[in-house]
K.L.:
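One structure, pasted below without further comment.
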Amino acid sequence: MTPLMRIENLNKHFGGLHAVNSVSFDVQKGTIKAIIGPNGAGKTTIFNMIAGYFQPSSGEVHFNGKLITGMKPFMTAQQGLLRTFQNLKVCKNLTVIDNILLGYHTRAKAGFISGMLSTKRSRREEREALEAVLPLLEWLGIMDKKDTFVGNLSFGEQRSVELARALAPNPAMLLLDEPAAGLNMHETEGLARNISELKKQGRTILLVEHDMGLVMDISDEIVVLDFGVKIAEGRPSEIQNNEDVIRIYLGGDDA
Amino acid sequence: MKKYLPVMLLAGTVIIIQLLTLITGKGFLLTQLTMSTWYVIAALGLCMVMGYAGQISLGQAGFFAIGGYTTAVLSTIDFSARTGTSVFSFFDSLGLLLTRQTIYGDTVIYLSPWAALIAAILIAGLTAWGLGVPVLKLRGHYLGMATMGFGIIVNRIVVGTKIFGEADGISNVPPFKMFPGFEISGKVGFRVGNYYFAWLVVIIALILLINLINSRAGRALKALHGSEDAADAMGVNTARCKTAVFIIGAVLAAVAGFFMTHYNGGIGPSESSVIKSVRYVSIVAVGGMANIWGTLIMGMLLNFLSLRGVFGHFDDAVFGIILVLMMMFMPDGFIRKEVFYSIKTLFRGKK
């Protein structure tokens with residue numbers, strides 16, 4: 001089976017720092033893959049190269065059979081690759097429903113002119129967007145906050161808004177950048193339930209996460225990075241028993 | 001049709017104000033009201049750029065001047081000396097050449113203002129595009145400085161160029177005879193007509209902008225203001241979005257400048273000055289930034305008072321002071337949704 005995403009020999013230099021060193025891995029359709037590693041291992045750098053925020057120094061990212069390296073973030077989103085942010089990027093001047101409808105942007109086409117003239121197509125698309133988005137609010141339990149400005153929500157609720165926004169266009173793949181960062185234990189459990197629900201729906205997810213419990217619970221496969229180098233890849237049980245991984249996390253003889 | 005209800009209320013208010021001036025015999029006030037209305041259209045354009053999309057522009061007066069000067073130059077060229085040239089026969093074949101009598105009784109052949117209107121929109125739109133593509137990559141006050149630079153360039157070109165009348169401006173702009181029995185001009189007989197026509201343009205602009213705000217593109221604009229990264233990550237082509245709204249703002253300003261020039265019968269370099277741009281910014285700020293109704297109300301009020309000379313020598317200073325005070329004490333503007341909510345709850349009583 002050809003993977004949904006194939007990452008080949010990705011490299012990134014920041015001046016003299018080799019932040020990501022020839023990393024390759026695949027993400028199969030319908031699976032959850034996690035990237036873990038100590039601080040500064042290059043997890044977020046890889047994420048940013050996939051989503052188009054950084055240009056890789058060399059290497060390629062293929063998604064859905066297309067080469068997406070060199071694409072800008074809005075273009076990768078148009079390819080069906082939707083992301084959330086570690087440090088929340090929500091539009092505080094918009095209501096919850098408008099924030100989530102923003103996620104539907106790539107699914108609709110009406111531009112400025114048809115917006116101004118409020119054409120039939122523009123109105124039909126707005127209706128369709130609302131129909132697509134309302135079940136997400138229901139699912140995440142933020143229906144009653146529909147018309148609240150996002151700035152007035154709790155941090156956990158804002159995270160839910162971001163997740164709903166990324167899910168709005170029914171994306172081919174989700175990129176979750178530390179989805180549990182800043183959540184309390186109760187909220188993290190809710191997040192874990194939501195992610196396994198998404199997995200049941202057959203969604204493909206690539207995530208970066210620090211919460212080991214969460215990663216071991218929900219992922220199908222894990223990639224472990226250390227100083228920009230991939231040191232292990234496999235199922236959670238394999239990773240837990242991998243000597244190299246134990247050494248970088250707990251410290252080995254040479255540490 | 002609920003979203004158009006405020007527009008209908010506005011139309012009613014416009015009629016009531018006209019009737020009031022009629023009853024009280026103060027029809028002359030309509031002149032300043034009409035001029036304020038044209039200024040408000042330019043402010044509405046800026047409201048979209050600055051209030052909704054969050055892109056600071058200190059060059060709005062430049063676009064207003066582009067609209068005004070385009071028609072001032074084009075409609076004052078005398079074609080009677082150019083009969084037989086290819087340019088003459090081209091415009092003549094399109095039926096775009098008109099004749100009029102000057103006050104000295106000479107016959108002048110001039111280009112139809114309809115052609116000038118199209119030219120004004122095209123020039124303003126293309127300028128906004130050419131300026132916007134590089135400049136809108138800047139953020140915050142860097143963008144403010146760059147657009148202010150544009151405003152200064154327009155102002156200096158106008159002051160320094162002979163065909164723009166240098167410091168005197170252009171003052172013999174003919175009336176715009178839009179259709180039989182109606183013209184855009186300052187003549188007393190057309191005062192009421194011009195008042196209603198100006199409001200008609202505002203109402204059309206308002207409907208278009210309200211539709212835009214409530215559409216997919218409008219949501220993308222507001223998202224741009226809230227978090228450009230978020231809009232980008234959700235697939236919004238932010239560069240194109242910014243350019244589009246910048247063009248919309250520029251075209252509205254140019255249309256306003258065009259009609260104002262025919263209404264006043266001329267235009268001077270002060271219309272392109274930076275202080276005029278600051279006025280538009282302070283109107284949008286005091287109107288509540290992302291609030292076209294606030295911009296409309298405050299724009300009418302402040303421009304009307306200014307044109308009536310209420311602020312006297314301190315005219316420009318008043319707008320500057322307003323801007324400073326707004327930024328210090330109410331950066332979200334004076335007319336805000338929250339204020340309306342609190343007024344509403346005041347009448348309803350506490351929940």
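When reading the values below, keep in mind they use all heavy atoms of this one structure, side chains included, and skip hydrogens, waters and symmetry mates. Below, chains carry the letters A, B, ... as their sequence lines are ordered, and counting in each starts from 1.
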K.L.:
Among residues 224-248 of chain B, which residues come closer than 4.5 Å to chain A, judged by heavy atom distances?
P.N.:
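The residues closer than 4.5 Å to chain A, in numerical order, are B:H225, B:G226, B:S227, B:D229, B:A230, B:A231, B:D232, B:A233, B:M234, B:G235, B:V236, B:N237, B:C241, B:A244, B:V245, B:I248.
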
K.L.:
So which part of A:L88 gets closer than 4.5 Å to some heavy atom of chain B, the side chain, the backbone, both or neither?
P.N.:
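The answer is neither part of A:L88.
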
K.L.:
Check whether any side-chain heavy atom of A:L117 lies under 4.5 Å from a side-chain heavy atom of B:L208, and answer yes or no.
P.N.:
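Heavy-atom side-chain distance check passes, below 4.5 Å.
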
K.L.:
Near A:F155 CZ, under 6.0 Å, is it more than 12 heavy atoms from other residues, nucleotides or ligands?
P.N.:
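More than 12 within 6.0 Å, yes.
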
K.L.:
Using distance only, find each side-chain donor-acceptor pair of residues 128-138 of chain A under 3.5 Å and give its atom names and separation, not counting sequence neighbours.
P.N.:
residue: A:E128; atom: OE2; partner: A:R124; partner atom: NE; Å: 3.4

K.L.:
Using every non-hydrogen atom in the two residues, find where B:A223 and A:L102 come nearest and quote the distance to one decimal.
P.N.:
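Result for this residue pair: CB-CD2, 3.6 Å.
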
K.L.:
Using a 4.5 angstrom heavy-atom cutoff, name the option from A:E162, A:K89, A:K92 with the most pairs to chain B.
P.N.:
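Looking at each of A:E162, A:K89, A:K92 in turn, A:K89 comes out on top.
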
K.L.:
Atom CD1 of B:I210 and atom OG of A:S118: how far apart are they, to the nearest 0.5 Å?
P.N.:
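The CD1 atom of B:I210 sits 11.0 Å away from the OG atom of A:S118.
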
K.L.:
Top residue by heavy-atom pair count (under 4.5 Å) with chain B, among A:A166, A:S122, A:G115, A:A168?
P.N.:
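Option with the greatest count: A:G115.
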
K.L.:
Give a yes or no on this: more than 12 heavy atoms of other residues, nucleotides or ligands lie within 6.0 Å of atom CD1 of A:I113.
P.N.:
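No - once you tally the heavy atoms of other residues, nucleotides and ligands closer than 6.0 Å, there are 12 at most.
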
K.L.:
Between B:R216 (side chain only) and A:A108 (backbone N and O only), is there a donor and an acceptor less than 3.5 Å apart?
P.N.:
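Such a contact is found between B:R216 side chain and A:A108 backbone.
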
K.L.:
Mind checking the OG-CZ spacing from B:S215 to A:R123? Nearest 0.5 Å is all I need.
P.N.:
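Nearest 0.5 Å value for the OG-CZ distance: 12.0 Å.
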
K.L.:
Hey, which of A:Q79, A:Q78, A:R165 has the most heavy atom pairs under 4.5 Å with chain B?
P.N.:
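Looking at each of A:Q79, A:Q78, A:R165 in turn, A:R165 comes out on top.
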
K.L.:
Could you have a look at A:T76, A:L82, A:L101 and say which one has the most heavy-atom pairs with chain B under 4.5 angstrom?
P.N.:
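It is A:L101.
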
K.L.:
Say you draw a straight line from OH of A:Y104 to CZ of B:R219; how long is it, rounded to the nearest 0.5 Å?
P.N.:
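Separation between the atoms: 10.5 Å.
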
K.L.:
Shortest non-hydrogen contact from A:E126 to B:N214?
P.N.:
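So the two residues come closest at OE1-O, 4.0 Å.
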
K.L.:
Select one option (side chain, backbone, both, neither) describing which atoms of A:V150 are under 4.5 Å from chain B's heavy atoms.
P.N.:
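Neither part, no heavy atoms under 4.5 Å.
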
K.L.:
What residues, two or more places apart in sequence or in another chain, satisfy side chain to side chain donor-acceptor pair (under 3.5 Å) together with A:R107?
P.N.:
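Side chain to side chain donor-acceptor pair (under 3.5 Å) list for A:R107, sorted by chain: empty.
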
K.L.:
Using heavy-atom distances under 4.5 Å, tell me whether A:K109 contacts chain B through its side chain, its backbone, both, or neither.
P.N.:
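For A:K109, the contact with chain B is made by the backbone alone.
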
K.L.:
Applying side chain to side chain contact (heavy atoms under 4.5 Å, CB included), name anything that partners A:E8, two or more places apart in sequence or on another chain.
P.N.:
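Once residues adjacent in sequence are excluded, the partners of A:E8 under the side chain to side chain contact (heavy atoms under 4.5 Å, CB included) criterion are A:R6, A:E60, A:H62.
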
K.L.:
State, yes or no, whether a side-chain contact exists between A:N93 and B:Y52 at a heavy-atom distance under 4.5 Å.
P.N.:
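No; the side chains remain at least 4.5 Å from each other.
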
